[in-house]
*Asks:* 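This is the structure I have questions about; it appears just below.
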Amino acid sequence: MSVTVRVPAKVNVQLAVGAARPDGFHDLANVFLAVSLHDEVTATPAEELRVTCEGPDADQVPLDRTNLAARAAELLAARHGIEPAVHLHIDKAIPVAGGMAGGSADGAGALLACDTLWGLNTPREELLALCAELGSDVPFSLVGAAALGTGRGEHLTPVPAGTFHWVFAVADGGLSTPAVFREFDRLTAGTAVPVPQADPALLAALRSGDAEALAKTLANDLQPAALSLRPQLADTLATGTAAGALAALVSGSGPTTAFLVPDPATAAAVAAALEASGTCRTTRTATSPAPGAAVV
Ligand code: ATP
């Protein structure tokens with residue numbers, strides 16, 4: 001018997017970043033939107049914990065105990081005093097180290113898959129707490145749809161969202177999230193960083209499903225840091241905008257870039273222009289919101 005869980009990628013439509021806290025983390029006001037780009041995690045009973053991965057980026061995914069899916073299985077097993085005797089297979093479509101929470105998705109997916117396989121029926125609240133232990137973005141991968149994250153991003157409040165169309169440009173090579181935060185600290189040193197707050201106009205645009213209104217409010221405080229580390233991303237952003245995107249931004253810590261488009265036809269045109277431009281490795285089109293981790 002095995003259990004497969006499907007889990008979405010995310011884009012941050014607003015990522016407001018506060019000054020570094022004494023513990024090194026940053027307070028955030030983080031509006032997450034789950035998009036229809038999925039990894040699948042399959043849990044099968046095994047002699048001992050083992051991770052395998054398939055997909056175009058599979059060679060960049062660690063298969064040892066540092067894999068977030070493996071850590072999720074170990075954490076859940078330890079909590080219940082059992083052995084994590086499971087084979088986790090990840091079918092990976094989410095770009096690796098792309099700022100789309102691919103590792104977080106696999107952590108949430110593995111947690112739900114193992115919980116189901118082992119018949120633990122862990123209450124939702126407890127699963128969410130385990131997700132937060134694994135990483136700041138992992139709780140959102142479990143709940144999906146649209147949510148405002150505060151604290152390190154792990155305190156979630158669901159927010160209503162209409163349907164939106166997206167194109168994602170996948171860059172060559174990843175960007176390390178901690179390195180992007182360090183660059184943010186360097187760029188903002190000596191300035192007064194405002195307390196991060198969700199933008200009411202952005203939340204209203206999300207709720208109404210009005211893409212033009214959302215386009216005017218998209219904001220990512222990590223974008224200058226990502227562009228500073230990877231200046232070529234400016235060309236990708238400009239290419240997508242010239243091809244008809246309503247707005248373009250770096251997704252989370254990058255280097256994936258996200259393009260909000262009015263409809264599927266424009267999505268196809270923007271994707272074609274990005275692929276022809278040579279300013280990215282590949283593209284993906286998707287819609288939001290997408291449901292959170294779910295057994296298939
Ligand atoms: P976020 O948007 O949450 O900052 P990300 O999308 O930028 O994350 P990930 O794809 O989660 O980045 O990968 C970041 C790093 O985590 C990778 O370089 C890899 O070494 C490690 N990692 C651990 N587990 C996984 C996994 N299951 N899938 C991908 N990367 C993983």
Side-chain angles (χ1 to χ4, degrees), residues 5 7-13 15 17 25-26 28 30-35 37-43 49-75 86-114 131-132 134-142 144 147 149 152-154 156 168-184 220-223 225-226 229-230 233 249-258 281 284 286 293:
V5 169
V7 55
K10 60 86 183 165
V11 61
N12 304 91
V13 285
L15 181 45
V17 181
F25 286 107
H26 295 71
L28 306 174
N30 197 347
V31 182
F32 293 102
L33 203 50
V35 299
L37 199 67
H38 298 93
D39 282 359
E40 282 188 357
V41 182
T42 300
L49 180 56
R50 188 161 78 86
V51 180
T52 53
C53 184
E54 69 176 271
D57 287 350
D59 58 339
Q60 297 164 52
V61 175
L63 300 178
D64 59 12
R65 300 286 169 109
T66 65
N67 190 297
L68 266 175
R71 290 184 41 216
E74 284 186 323
L75 184 64
V86 66
H87 170 205
L88 297 168
H89 181 71
I90 302 169
D91 190 348
K92 193 148 201 62
I94 305 174
V96 175
M100 299 191 76
S104 302
D106 300 340
L111 201 60
L112 186 58
C114 290
C131 286
L134 289 168
S136 305
D137 287 350
V138 184
F140 179 72
S141 300
L142 189 70
R152 287 185 285 128
E154 80 282 28
L156 291 176
F168 296 96
V170 182
D172 257 324
L175 266 179
S176 140
T177 303
V180 175
F181 273 100
R182 280 196 299 277
E183 183 68 359
F184 172 87
N220 179 0
D221 287 354
L222 291 180
Q223 183 157 319
L229 295 176
R230 196 68 76 78
L233 291 179
L249 87 170
V250 171
S251 177
S253 54
T256 302
T257 43
R281 177 158 61 86
R284 305 258 194 285

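Whatever order the structure lists ligands and atoms in, that order sets their numbers, starting from 1. Positions are given from 1, in the same order as the sequence printed here. What you see below is based on every heavy atom in this structure, not just the backbone, and it leaves out hydrogens, waters and symmetry mates.
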*Asks:* Determine whether Val180 and Leu229 make a side-chain contact, defined as any pair of heavy atoms from C-beta on separated by less than 4.5 Å.
*Replies:*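 In short, these two side chains touch, coming nearer than 4.5 Å.
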*Asks:* Side chains of Leu88 and Val41: closer than 4.5 Å at any heavy-atom pair?
*Replies:*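 Sidechains of Val41 and Leu88: in contact.
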*Asks:* Can you sort out which atoms of ligand 1 are near Thr66, meaning under 4.0 Å from one of its heavy atoms?
*Replies:*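 With Thr66 as reference, the close atoms of ligand 1 come out as 23 (C).
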*Asks:* Provide, to 0.1 Å, the distance between atom 12 (O) of ligand 1 and the closest protein heavy atom, together with that atom's residue and name.
*Replies:*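 Checked against all protein heavy atoms, atom 12 (O) of ligand 1 sits closest to Ala97 CA, 3.2 Å.
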*Asks:* What is the minimum heavy-atom distance between Ala73 and Val86, and which atoms define it?
*Replies:*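 Closest approach of Ala73 to Val86: CB-CG1, 4.1 Å.
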*Asks:* Under 4.0 Å from any heavy atom of Ser104, which atoms of ligand 1 are there?
*Replies:*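 By the 4.0 Å cutoff, the relevant atoms are 3 (O).
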*Asks:* To check your reading of the model: name the closest protein heavy atom to atom 6 (O) of ligand 1, its residue, and the distance in Å.
*Replies:*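 Atom 6 (O) of ligand 1 sits closest to the protein heavy atom Ala101 N, 2.9 Å.
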*Asks:* Would you mind running through ligand 1 and noting each atom that sits below 4.0 Å from a heavy atom of Lys10?
*Replies:*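 Here the atoms of ligand 1 in question are 2 (O).
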*Asks:* Going by a strict under-4.0 Å cutoff (protein heavy atoms only), does atom 2 (O) of ligand 1 have a neighbour on the protein?
*Replies:*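 When distances to the protein are checked, atom 2 (O) of ligand 1 has a heavy atom within 4.0 Å.
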*Asks:* Can you report which non-hydrogen protein atom sits closest to atom 30 (N) of ligand 1, along with the distance?
*Replies:*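 Answer, as residue, atom name and distance: Val96 CG1, 4.0 Å.
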*Asks:* Quick one: which ligand 1 atoms are inside 4.0 Å of a heavy atom on Thr177?
*Replies:*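 Once the distances to Thr177 are compared, the set is 4 (O), 7 (O).
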*Asks:* With side chains defined as the heavy atoms from C-beta onward, is the minimum distance between Thr257 and Leu249 less than 4.5 Å?
*Replies:*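 When only atoms from C-beta onward are counted, Leu249 and Thr257 do not touch, as no gap falls below 4.5 Å.
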*Asks:* Run the numbers for me: atoms of ligand 1, each under 4.0 Å from some heavy atom of Asp137, listed by number.
*Replies:*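 Those qualifying, in numeric order: 1 (P), 2 (O), 3 (O).
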*Asks:* Any chance the side chains of Ser251 and Thr256 put a donor and an acceptor closer than 3.5 Å?
*Replies:*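 No, no side-chain donor-acceptor pair sits under 3.5 Å.
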*Asks:* Do the non-hydrogen side-chain atoms of Val250 and Leu222 ever get within less than 4.5 Å of each other?
*Replies:*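 No, side chains not in contact.
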*Asks:* Any idea which part of Pro62 is under 4.0 Å from ligand 1, heavy-atom wise: side chain, backbone, both or neither?
*Replies:*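 Under 4.0 Å from ligand 1, Pro62 contributes side-chain atoms alone.
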*Asks:* What's the shortest distance from atom 24 (N) of ligand 1 to any protein heavy atom, and which residue and atom give it?
*Replies:*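 It is Leu68 N, 3.0 Å.
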*Asks:* If only side-chain N and O atoms count, and only distance matters, is there a donor-acceptor pair under 3.5 Å linking Thr42 with His89?
*Replies:*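 Per modelled atom types, His89 and Thr42 side chains form no pair under 3.5 Å.
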*Asks:* Can you tell if the side chain of Asn12 reaches within under 4.5 Å of the side chain of Asn220, non-hydrogen atoms only?
*Replies:*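 Heavy-atom side-chain distance check fails, nothing below 4.5 Å.
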*Asks:* Could you tell me which atoms of ligand 1, counted from 1 in the order shown, lie closer than 4.0 angstrom to a heavy atom of Asp106?
*Replies:*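 Once the distances to Asp106 are compared, the set is 26 (C), 27 (N), 28 (N).
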*Asks:* Applying a heavy-atom cut-off of 4.0 Å, say which part of Asn67 lies close to ligand 1: side chain, backbone, both or neither.
*Replies:*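 Asn67 to ligand 1: contacts from backbone and side chain alike.
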*Asks:* Name the closest protein heavy atom to atom 7 (O) of ligand 1, giving the residue it belongs to and the distance to 0.1 Å.
*Replies:*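 Nearest protein contact, heavy atoms only, for atom 7 (O) of ligand 1 is Gly99 N, 2.8 Å.
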*Asks:* With a 4.5 Å limit on heavy-atom distance, are the side chains of Arg50 and Leu63 in contact?
*Replies:*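 Answer no - side chains too far apart.
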*Asks:* Answer yes or no for Arg284 and Phe168: cation-pi contact, defined as NZ/CZ to six-membered ring centre under 6.0 Å and angle to ring axis within 45°.
*Replies:*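 Here Arg284 fails the 6.0 Å and 45° test against Phe168.
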*Asks:* Around atom 11 (O) of ligand 1, find the nearest protein heavy atom and jot down its residue, atom name and distance.
*Replies:*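 Residue, atom and distance for the closest contact: Gly103 N, 2.7 Å.
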*Asks:* Any nitrogen or oxygen of Val61 lying under 3.5 Å from a nitrogen or oxygen in ligand 1? Just yes or no.
*Replies:*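 Checking ligand 1 against Val61, no N or O pair falls under 3.5 Å apart.
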*Asks:* Any protein heavy atom sitting closer than 4.0 Å to atom 15 (C) of ligand 1?
*Replies:*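 Within 4.0 Å of atom 15 (C) of ligand 1, no protein heavy atoms are found.
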*Asks:* Among all protein heavy atoms in this structure, tell me which lies nearest to atom 29 (C) of ligand 1, with the distance rounded to 0.1 Å.
*Replies:*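 Ranking protein heavy atoms by distance from atom 29 (C) of ligand 1, first comes Lys92 CE, 3.6 Å.
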*Asks:* Is the shortest heavy-atom distance from the side chain of Arg281 to the side chain of Asp57 under 4.5 Å?
*Replies:*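 They are in side-chain contact.
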